Every structure is written in C-alpha cells, then in structure tokens.
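This report concerns only the one structure given below.
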Amino acid sequence: MNARAARAAMIEVDRLSVTFGRGRAALEAVREVSFRVEAGAAFGLVGESGAGKTSVLRALAGLVADWRGRMAVAATTLDRRRDRAFYKLVQMVFQDPYGSLHPRHTVDRILAEPVAIHRLDDAEERIRWALDTVGLGPAFRFRYPHQLSGGQRQRVAIGRALILEPRVLLLDEPTSSLDVSVQAEILNLLTRLRAERGLTYLLVTHNLAVVAHMCDRLAVMNAGRVVEELTVDELRARRPRHPYTRQLLQASLGYDREVAAQLETFD
Amino acid sequence: MTATPLLTVDDLWVRFPGRAGLVEAVRGIGFEVGREKLGIVGESGSGKTMTGRAILRLVPRPGRVTARRLEFDGIDLLSIDERSMRRIRGRRISMVMQDPKFSLNPVMSVGKQIAEAYRAHFPAGAREARERALAMLAAVRIRDPRRVYDLHPHEVSGGMGQRVMIAMMLIPEPDLLIADEPTSALDVTVQLKVLAILDDLVTRRGMGLIFISHNLPLVASFCDRVLIMYGGRILETCRAAELHAARHPYTRGLLESLPWIDRPVRELATLERDPAWHDGPLA
Amino acid sequence: MTAARVRAWLLADAPASRAQARLGRVYLGVAALSKNPLAVVGLVIVAALVLVAALAPRLATHSPYGQDLERRLRPPEDAHRFGTDQLGRDILSRVVYGARVTLAIVVLVAVIVAPIGLAVGTVAGYFGGWVDGVLMRVTDIFMAFPRLILALALVAVLGPGIVNAILAIAFTTWPPYARIARAETLTIRESDFIAAVRLQGASPIRVLWGHIVPLCVSSLIVRVTLDMAGIILVAAGLGFLGLGARPPEPEWGAMVSEGRQFLLDQWWIATIPGAAIFLVGLGFNLLGDGLRDVLDPKAR
C-alpha cells in the first residue's frame, strides 16, 4: 500500500457525483465515486449498462457539465471549463468506431484537426507518425471512414487520440463492437503503446476478460456507486468480496443453469 | 440428436448481384437441426445471419437463395408458395433478432402485440388471447405480467424488451426458433436469464433452436453442437463442450485471440488468415 | 490518360492526395445522379435555363422591349415564333430575357436564404438553452404567416420592384431552413465525432463551422432546390399582382398577368410564359429529388 502511494497519482477522482436533468426528473447517474490511478497504470471501470461507468469517463473528459466533487489530472484540479493544456494531456477513444469519425472527413483531415486546433506547425510529420504508430500505412491517409473496416477505423481513432501526445487515454469500451480477432489486434496495440509511451489508461468496459487482460486494478460499479475496488490478481483468483462482483464474475464465465437460477437483482 | 431431423439444409447458397459480379454470402453449406441447441458461430461477414434468414426466406432483395435441399419437417421450403410460407413463418419457425427496439411496434402495448401474435395463428377471442399473453409473459420470467402487459416498447428496458420479443415469438409454439444474436445487446446477468428461458423450451418442449452468435465462450457453454462459419462456409462442426479442443486452425485462432479471465497472457494471439479457409477443400 | 485510367484514378481505394479523394467523391456523386433519369431531365432543364439566360442576346430575335403596334397580338408565325403581345413585343424574346430575371431571383434568394437559415438553425441547435429559445421563437413568428401574404406586406412597405420582391421572398423563406438545420444539428451534436473534436479543444465556432455545417449543407441544398419551384411561383405571383417586376421588365409572372385578358382569343400571350414557369419549376423539383438520393448524409 505504501509503495503504491509513493508513486504519483495521474488521475484522482474524489466523491464525484454526476446528475442528468433537473428537478423531479433528475437522475443521479454517479454517486460519490472515488478512485485514483497512478501514472503509467491501467485502471478498469467495470459494470453493467446504467452503472454510471461511462458517465465517470465523460465527466473526466469534460463532456458532462453537471457534476460535483473533485477531479484532478497530473495534480491539477479540474474546473468545469477545460483549457487547451488539458486536452493535450487527456484524450479519449470511443466505443463505436462507426460514430466517432466524421463521415465527410478523410483520415488526413481527421488527424490534421487536433494539430490545427493546437496550432502546432509539424502537422505533416505528426500525421505520418500517427498513421505509422497505429499500424496503418500511408495508403490509408486520404480514405474516407466508409472505406475502412471497423478495426481500421478504431486505429484511426487511436491515432487521433495520440497525435497530441497525451499522457492519459480514456478508453470507452474500445473493442466491444469489434470482431474478436480484431479486438485482439486493437488490445495488443493499446498494450504496446502503454509500454512504449508510459501512458495511463482508464478503461471502461463490461467485459471482465478484457479488464483482466489490460489492467492492474479495477473498480466495480453498480447503480452509480463503486461497490468494490480490487486488483486483477484478486479477480483471477475469484476472490471478490462483494456479492455483486461475485455474481458478475460468475455470469461472465459462460452459461450455467445453476448460476442463472440464482441470479439476484442489486440496487 | 434425434433420428429424424427437424430441418435439413443441403448445399445452401445465398447470392447477391453486385457492381463487381455476384457476391456469395453463403456458399454451399449443409447441416441438420434436431430438437437441440445448435450454435452457428462466426465473425461479421461469415454468412451466419444470412443462413438464418435464408431458412425463413427473408433474404433481402435482390439476394437469391438456392439449395439442393431445404426441408423442414417434410416440407420443401424452397418450392412452396409465399402464402404457405407465411403460415410456417411465425407459426412453426420463429426468429428473434438482436435489437428488440426495431422489431416491436412503438405505438402498441407490448402485451397487445403478444396477444395479436397469438390470434394471428390461432382462432381465439380477445380475452383468451390476453390470458395466453399474460401466461407467456410469466413464462419468460417477467415478474409482474399484468403491469408489463400495458407498457409500450419505449417504457421497457433492453433485457425486458428482449424477453417480450421472445414471448411474442414463442406464443405460437414454434417447432424451431432461430435466434440471431438474441443476447448480444444485453448485460451478462440478463443474458443468462434469457438463455435459461430458451434452454427450458428446448429441454421441456422439445423445440429446436438455432443460436447465431459471435461469442464463442457463450455458445460453447450454452449449445449442444456448434458450426463454425467463415466466408460463407462451414469450416468445422463439433460438440459444444469440446469446442476448446477444436481442430480447425481458424477456430483455434479465434479461441486464442480471446482474452480469458483466468489465463493471463502478455500478448493476445492474432489471427493469420489463410486463403485456403475461403477457397480450399473442406476437411 | 484514357477514360478508363481516369476512372480508376478517381475510384482508387487509396487516394494519394486530398484533391484525389475529393474528386473521387464528386465523381461517385455525379455517377449516382446520372443513374437517375428523372434527375438528369431536371438537370438538363436547369442547365438550359442557365444557357438561355447567358445567351439571351443571341437567342432573342427581337428586342424584349421593342413595341410594334402594327404587329400586335400576332399568333405564332415565322417572324415571331411564339407570337406577339398586346404591344407587339416578340414573346420569344421576352421569355428568353425573362430567363435572366428568373435566374436572378432564384440565385439571389438562395444566396440570401441558405446562409441565414443555416446560421440561425445550427447556432440554435448547438448552443440550446435560451439562445435556442429566442432564435426559434423568432423563426416561429415568421412561420406563422402565409408566405405570399407576408411577402405582399413586405413589398407593400418596401415598394414594388424586382429587388424588393427578392428581398421579400428571401425574408419569408428562411424559417423552414433554420428548422431543418436545427433538427440536423440536434442529432449531429450528440454524436461521438463531435465529442471527439470538442475533446481536442476545438472552439464552438470551429465545431460548428468545420464539423456540423458541412453535414447540414447537403440537406439544405436539396431543400433549396425543391423549394425553387415555389420561389419562382411566388415571384411570378408577385409579378402577376403587379408587385414584382415593373413593366416593361420581361418577368414571366407579369407576362402571364398581362396575357390574362387575352387568354380566350390570344392564348399564346399567357400560355408561353406560363409553360416556361411550369418547365423550370418541374426541372428544379426533379433535380432536387435526385440530389436528395445523392447527398443524403446517411447514405453510405
């Protein structure tokens, strides 16, 4: 515990709550969630739909306005409005590679946009570097998204996230809409990038196997709360403490009549 | 497997005329389904969805279906006219799709839709149909059927919507159910509940089930037999429980490319696609 | 380079430059449009309108204003292919020069209306809240009046004349465009690719201009094209009521109006410009329908 605390925290989330809507229709999607991720670590946020895991990610990214609590990245406390420096530090990869690329922009334009926004003058080099880094050759540079496969699109999205050389990547179910063989390629790419560039990952997914493969630690969310935080080793040894985590783990191991009969609803 | 199969498919082809000649979505496959759970597994573009649709003659235009034999319970599905086909569709062979939201009528209560599905196939009064629908909702483990009966599709969750859809497809008591990724959009726990319902129907009522999915571990744990499809062909057929010992390099490659909770690896194996899987001779 | 090689270059799977990628896209659009025979008919009609307007001095056999009272109300004959009107003016020449007036109205209205509708709609849709409230209420006020009535009132205030007619039509035409642009913006705003560009630190202006507007433009082009027929009719209507083009300007609507009193005996005076209005209106409609299929952002 002490050894870990000694390493600098890259992401700190302290009693974060996120609300959607106002008044009687207000929905508290995230309730008092706290966790910290060390620099260079990969942290998983796991849960079923509606658990609030994506809302945590979007609040961190600044895409959600109504939040309370404290969030910090690289020891800088985050405001409601983020400045350009924040976006150079933190980037995000979305779930649906078909929806996250502008349908009328070529790969070249998609990659050039962040460079132009941050007024960097080495666009040409950066675009070539990004394409190369995500394993797409120069042949892909002037294609439109509809000319690419799902896996190729996700590579473009990762390239776009990397082109500003951020230190933190927020990954929102980055492989859940891909075929398993393509998933393996994307996960390997992400693993390699983290090792090479010392990136910090916050990975949101419903797939425990993906978390076990990618992360060191994970938090399990249900109904807006973190029910349990544990290491991947504890997960592998099937030693979760909370009954919700235990049920999730069992259900993830495949179909079993006995397990199906005993499922409970947690609120 | 039972002695007389429910469905026999032999040399089934699905072709689409395209800009660059014919596109072959399904290329000469054959299999039999008895009163069992048959899994069809493949990645996108493998032809698994078109196989399911071809059985019900629901391949979208301008696709064309041909087969040496496509026989359901002694009926040649390719030669009967559209009217006879409509009597089989829904009544004797049903299909559950991936997303219930697109398959349910948004302006009719879900209960009423199930009752209508019953009345479409059986001569029954409104009251009897309602009773049947309520019983069916209870059968798919919906806790308060009377309340859910009056809900509209936008008021039910994904898991409940999928159960409603299954209830609607099962109320005419079909002999064969084709389920195309019926649980892929659902949370794992809900998925398990839905699968348990299907499992009961097969074991208790003797229904046949074709379970189309991209999820290998799920199919391995749920089905009795598995067909592995790639490029419109069946590469391998094996017992589901023995899928982990599959012999075909494609099946092996798929299994090895998956991350597993209890088997840590530094790097996932990636699939090297062999052109022979597409065009070479089948084992 | 041969045609086949040009085609292969345009359809290349891996374009080598921005220009090639863009031209390939244009080529696919043109190819799709040319597969639709009705759209091609529409395109031919609209192209003919442009050609006739450009070549009016060469195509006209007489001056559009020249009166010849000795040869008034002549039926179509060799010297006057479409006959003459009550002042002895050659109808063919007037219809040909009228194409210029019609084209001017169409182009000016489109140039004024589309940007206003686009700006109001995308800003309202993207920012939401009170900005949306104010802009949309203003839009509603404009939409609450029948278009021709509002245009009539405006012309009455501004005074009759072709420029004022164009302004009046433009002023009454933009609200539906704002509505369309807003509806499109509302769906585009929620998409991941907009979230992605916001996450790169893009300013709202950049998100709107570089990412949202290009996606709204195609449906606006379709709508403007389809509306052109209506705009020509309103312009003709204003001309007919004496509030558009002033005599002796050869405006088709005004010509129909003038020919009205001779309709039974000298049918050609009102019928020929009427047919021109009909043909051009039809052309824009057919073209708009074809463009909808090609430009639909959801396609492909």
Side-chain angles (χ1 to χ4, degrees), chain A residues 46-51 135 149-151 175-192 195 205-215 218 222 232-233 235-238 240 244 247-266, chain B residues 37 39 41-46 141 143 157-159 183-200 203 211 213-223 230 240-241 243 250 253-273:
Chain A
V46 175
E48 299 188 294
S49 55
S149 70
T175 58
S176 63
S177 51
L178 303 175
D179 277 328
V180 289
S181 61
V182 182
Q183 163 173 287
E185 292 169 16
I186 297 293
L187 291 182
N188 284 345
L189 171 66
L190 289 170
T191 308
R192 200 194 80 216
T205 179
H206 67 280
N207 188 330
L208 286 179
V210 168
V211 166
H213 176 70
M214 295 293 292
C215 299
L218 64 142
N222 182 39
V232 162
D233 289 334
L235 182 76
R236 283 214 185 93
R238 311 214 178 153
Y244 177 78
Q247 174 171 308
L248 196 65
L249 180 57
Q250 276 192 312
S252 300
L253 294 172
Y255 177 71
D256 186 321
R257 253 194 122 79
E258 307 292 306
V259 175
Q262 288 163 11
L263 289 176
E264 290 174 52
T265 312
F266 289 86
Chain B
K37 291 170 284 182
V41 176
E43 297 189 287
S44 48
S46 62
R141 312 252 171 84
R143 236 180 263 163
S157 66
T183 60
S184 302
L186 305 180
D187 285 328
V188 278
T189 50
V190 183
Q191 168 173 301
L192 242 56
K193 286 183 194 167
V194 171
L195 292 181
I197 297 164
L198 295 177
D199 195 7
D200 280 353
T203 43
F211 187 83
S213 175
H214 69 281
N215 190 332
L216 269 86
L218 187 71
V219 170
S221 60
F222 176 69
C223 292
Y230 179 84
L243 186 65
Y250 174 65
L254 279 186
L255 287 167
E256 279 158 21
S257 70
L258 276 170
W260 298 84
I261 294 177
D262 36 12
R263 261 178 272 161
V265 287
R266 179 159 298 166
E267 197 174 340
L268 297 166
T270 50
L271 199 60
E272 295 294 331
R273 286 161 202 275

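Here is how names work: the chains are called A, B, and so on, in the same order as the sequence lines, proteins then strands, and each is numbered from 1. Since the model is a prediction, treat every value here as computed from it, not as a measurement.
- Of the inter-residue distances, the one linking B:Ile261 atom CD1 with A:Asn207 atom CG reads 7.5 Å to the nearest 0.5 angstrom.
- Note: B:Leu195 leads B:Leu195, B:Leu271, B:Leu218 in heavy-atom pairs under 4.5 Å with chain A.
- When heavy atoms are compared at a cutoff of 4.5 Å, A:Arg192 does not approach chain B at all.
- Remark: B:Glu272 CD to A:Ser181 OG distance equals 11.0 Å, nearest 0.5 Å.
- Summarising the geometry, atom CG belonging to B:Leu258 is positioned 10.0 Å from atom CG belonging to A:Leu187; distances are rounded to the nearest 0.5 Å.
- Of the listed residues (B:Ser44, B:Ser46, B:Ser257), just one forms a side chain to side chain donor-acceptor pair (under 3.5 Å) with A:Asp179, and that residue is B:Ser44.
- For a residue to count as touching a neighbouring chain, one of its non-hydrogen atoms must lie under 4.5 Å from one of that chain's; by this rule B:Ala269 touches chain A with the backbone only.
- Nearest heavy-atom pair across B:Ala196 and A:Tyr255 is CA-OH, 3.4 Å.
- Rounding to the nearest 0.5 angstrom, the gap separating the OG atom in A:Ser252 from the CD atom in B:Gln191 is 9.0 Å.
- Across A:Glu185, A:His213, A:Met214, the residue that shares the most heavy-atom pairs under 4.5 angstrom with chain B is A:His213.
- Contacts between A:Leu208 and chain B at a heavy-atom distance below 4.5 Å involve backbone atoms as well as side-chain atoms.
- Shortest non-hydrogen contact noted between A:Arg257 and B:Thr203 is NH1-OG1, 4.3 Å.
- Of the N and O atoms on the side chains of B:Thr189 and A:Gln247, not one donor lies less than 3.5 Å from an acceptor on the other residue.
- Counting heavy-atom pairs under 4.5 Å between each of A:Ser176, A:Ala261, A:Ala212, A:Ala209 and chain B puts A:Ala209 at the top.
- The residue among B:Val265, B:Asp199, B:Leu254 with the most heavy atom pairs within less than 4.5 Å of chain A is B:Asp199.
- The candidate with the highest count of non-hydrogen atom pairs below 4.5 Å against chain B, out of A:Leu253, A:Asn188, A:Val180, is A:Asn188.
- Interface check for chain A: of the options B:Asp187, B:Leu216, B:Leu192, the most heavy-atom pairs under 4.5 Å are formed by B:Asp187.
- Of all the heavy atoms in A:Arg236 and B:Asp262, the pair that sits closest is CD-CA, 4.3 Å.
- Only the backbone of B:Arg266 comes within contact range of chain A, with heavy atoms under 4.5 Å apart.
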